[in-house]
Amino acid sequence: MILIHIPKYRTMDREIAIDILMKYKQEQSYLNLTLNHVFSTHSLTKESKSLITHLVYGTIQNQIYLEYMLEPHLKSRVKSFEKILLLMSLYQHYFLDHIPDYAIVNEAVQLAKKRKGMKTSKFINAVLKNALSTSRSLDHLEERERLSIETSHPSWMVKMLEKQYGLETTKKICYANNDIPYKTARVNTIKTTREKLLENKLFEKGMLSEDALYYHGGNIAGTNEFKNGLVTIQDESSQMVARLLNPHPHDYVLDMCCAPGGKTAHLAAIMENQGKIDAYDLYEHKILLVNGLMERLGIEIVNVKCYDATKLKNVYHGETFDKILLDGPCSGLGVLSRKPEIKYHNSSIMDKIIEIQRELLDNAYALLKNDGSMVYSTCTINKKENEKQIQWFIEKYPDMKVIKEMTILPYEYHSDGFYMCLLKKEY
């Protein structure tokens, strides 16, 4: 277990953190979007932002483990506020150093008194004092159950990953999903070079992508390099997708599911801002974000449209595009270190996603020119959405040939888990 050092803490930070966690619990909101909204509307120090981020992500990321540790100390079911406050307090005890237990208890009691009254504060005080004085053992548990609890991955997910990858690889995946992700940027080669950016010693070369930079400062979005469009934030595994498709200048390219736009922008950079990219997304507000990204990066060849990509063959004549990128909707099991809330989604959602992926693949086939290439990619490591989908695809369309297929697992490069497959339509 890795302890995270937090140098300063304030009562208000915990109030903000629990408000975010309550919003997540009640509305199933996205943690990153809620955090970004809070940080943009509150005047907070760097230390406060750090603590709030750790409290929010850490509590959700380790939820199963924290619930296991809390369970013996609860005689009956408790309300959401009390449960979240207890879990957040236990997270500080087990995962944050430099915050003494008396401070954890005192802050929780004061917060409970302020929000719910004296009776609740006494309950929180009693439960926390018991819970922080003892630690429940995992030694007696069967190996897979222990892995599930220790890394806070639902048992169905552990079983699925073991079936697909084996137990030892599953262990590596689960532990990697709880690591803090690198701050990774992609150089915008339309405006500069990686070598030029490396003159800033806060940047370091990536391990996997030739366009990747690790940043060792604060928020990448606060740098001049970001504001001037020299870099954009993009995980290193994600950067491999556009490189695999490798479009040429003057190609006519389709990006079927473009938001938030990182891969679209990368395609444009590889094309040297020459040619044409039609990029689609289902939601209007995401179109605005993608257009904003293109403007910041100086990209002129992308035409962003709001439309359902499962119906694109009704928009274009068949065999229109030289290259197609289908970065499909997926279960997101490769990005759990960045979006830990995905772990607790209902597993049945994958069945619906698989059908949508197949509809998108059908459209991609219809719109791809003879002798054209396409990449199918996902940010999941679930083989049912990846290898098995491609197997279904090429069985249905025998003229589609797999050129290269790769899976990047989260522990291999300290990056997101990703799948990508390059296919060519032969005639």
Side-chain angles (χ1 to χ4, degrees), residues 1-22 24-25 47-48 50-155 174-175 178-180 340 343-344:
M1 184 181 298
I2 300 173
L3 292 177
I4 300 166
H5 178 69
I6 301 292
K8 296 181 181 180
Y9 51 91
R10 298 183 304 167
T11 301
M12 188 184 78
D13 300 335
R14 288 173 173 77
E15 284 197 70
I16 293 173
I18 201 165
D19 285 340
I20 294 171
L21 289 168
M22 285 295 293
Y24 160 73
K25 181 73 174 178
E47 289 81 9
S48 288
S50 177
L51 177 57
I52 292 165
T53 301
H54 281 299
L55 290 176
V56 169
Y57 275 100
T59 300
I60 300 303
Q61 191 172 63
N62 298 283
Q63 182 177 326
I64 294 174
Y65 176 81
L66 297 172
E67 287 179 341
Y68 178 82
M69 291 300 175
L70 179 61
E71 184 184 28
H73 308 285
L74 297 179
K75 296 179 181 178
S76 60
R77 190 171 181 177
V78 297
K79 295 179 180 178
S80 291
F81 176 85
E82 288 86 335
K83 179 77 169 290
I84 289 172
L85 180 56
L86 289 167
L87 293 176
M88 190 175 80
S89 300
L90 286 181
Y91 169 72
Q92 295 171 77
H93 170 72
Y94 284 108
F95 293 95
L96 301 184
D97 71 347
H98 205 68
I99 301 181
D101 284 351
Y102 73 82
I104 294 171
V105 175
N106 181 65
E107 293 287 345
V109 167
Q110 293 304 315
L111 184 50
K113 186 187 295 183
K114 179 178 179 180
R115 294 291 183 90
K116 297 293 181 177
M118 184 63 72
K119 183 178 179 181
T120 299
S121 70
K122 289 181 177 179
F123 168 75
I124 294 294
N125 183 60
V127 172
L128 277 183
K129 284 186 174 178
N130 285 331
L132 299 187
S133 64
T134 60
S135 183
R136 192 178 182 188
S137 175
L138 281 72
D139 293 341
H140 63 287
L141 300 175
E142 184 272 332
E143 190 172 17
R144 289 154 191 82
E145 185 181 5
R146 175 169 181 162
L147 179 64
S148 170
I149 293 171
E150 195 166 57
T151 65
S152 288
H153 286 68
S155 58
C174 290
Y175 285 111
N178 286 355
D179 286 343
I180 297 173
K343 288 192 286 190
Y344 312 110

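By convention here, the first residue in the shown sequence is residue 1. The analysis underlying the following values was restricted to heavy atoms, covering all of them including side chains, and did not include hydrogens, waters or symmetry mates. Everything quoted here is computed from the prediction, not taken from an experiment.
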- [ ] Enter the distance from Ser50:OG to Leu55:CG here, rounded to the nearest 0.5 Å.
- [x] 9.0 Å

TODO: For Ser148 and Pro154, work out which heavy atoms get closest and say how close.
DONE: OG-C, 3.8 Å

TODO: Can you see which heavy atom on Arg146 is nearest to which on Asp139, and at what distance?
DONE: NH1-OD1, 3.1 Å

TODO: May I ask you to check whether Glu150 and Tyr68 show a side-chain donor-acceptor distance below 3.5 Å?
DONE: no

Task: Side chain to side chain, His54 and Tyr91, heavy atoms closer than 4.5 Å - done: yes

Task: Donor on one side chain, acceptor on other, Asn62 and Ser152, under 3.5 Å - done: no

Task: Atom pair CE (Met69) and CG (Leu132), whose distance is rounded to the nearest 0.5 Å - done: 12.0 Å

Task: Non-hydrogen atoms of Glu142 and Arg144 that approach each other most closely - done: OE2-NH1, 2.7 Å

Task: Nearest heavy-atom neighbours spanning Tyr94 and Leu66 - done: CD1-CD2, 4.3 Å

Open item on the list: Could you tell me if the side chain of Ile104 sits less than 4.5 Å from the side chain of Asp101, heavy atoms only?
Closed with: yes

TODO: Could you list all the salt bridge (charged side-chain N to carboxylate O under 4.0 Å, His left out) pairs where at least one residue sits in residues 73-83, not counting sequence neighbours?
DONE: Glu67-Lys83

TODO: Output the distance between atom CE (Met12) and atom CD1 (Ile52), rounded to the nearest 0.5 Å.
DONE: 6.5 Å

Open item on the list: A side-chain contact here means heavy atoms from C-beta on lying under 4.5 Å apart; do Tyr57 and Ile180 qualify?
Closed with: no

Open item on the list: To the closest 0.5 Å, what do you measure between OG1 (Thr59) and CG (Leu21)?
Closed with: 5.5 Å

Task: Nearest atoms (heavy-atom pairs only) where Ile64 meets His153 - done: CD1-C, 3.7 Å

- [ ] With rounding to the nearest 0.5 Å, note down the distance linking CE in Met22 to CZ in Arg115.
- [x] 9.0 Å

Task: Within-4.5 Å side-chain heavy-atom neighbours: Leu74 and Leu86 - done: yes

- [ ] Taking the side chain as every heavy atom from C-beta outward, state whether Gln92 and Met88 have any pair of such atoms under 4.5 Å apart.
- [x] yes

Below 3.5 Å, can you tabulate the donor-acceptor pairs from side chains in residues 121-131 to any protein atom, sequence neighbours excluded?
{"from": "Ser121", "atom 1": "OG", "to": "Met118", "atom 2": "O", "distance (Å)": "2.7"}
{"from": "Asn130", "atom 1": "ND2", "to": "Ala126", "atom 2": "O", "distance (Å)": "3.4"}

- [ ] Look up atom CG in Leu85 and atom CG in Leu90, then write down how far apart they are to the nearest 0.5 Å.
- [x] 10.0 Å

Task: Non-hydrogen atoms of Thr120 and Ala112 that approach each other most closely - done: CG2-CB, 4.1 Å

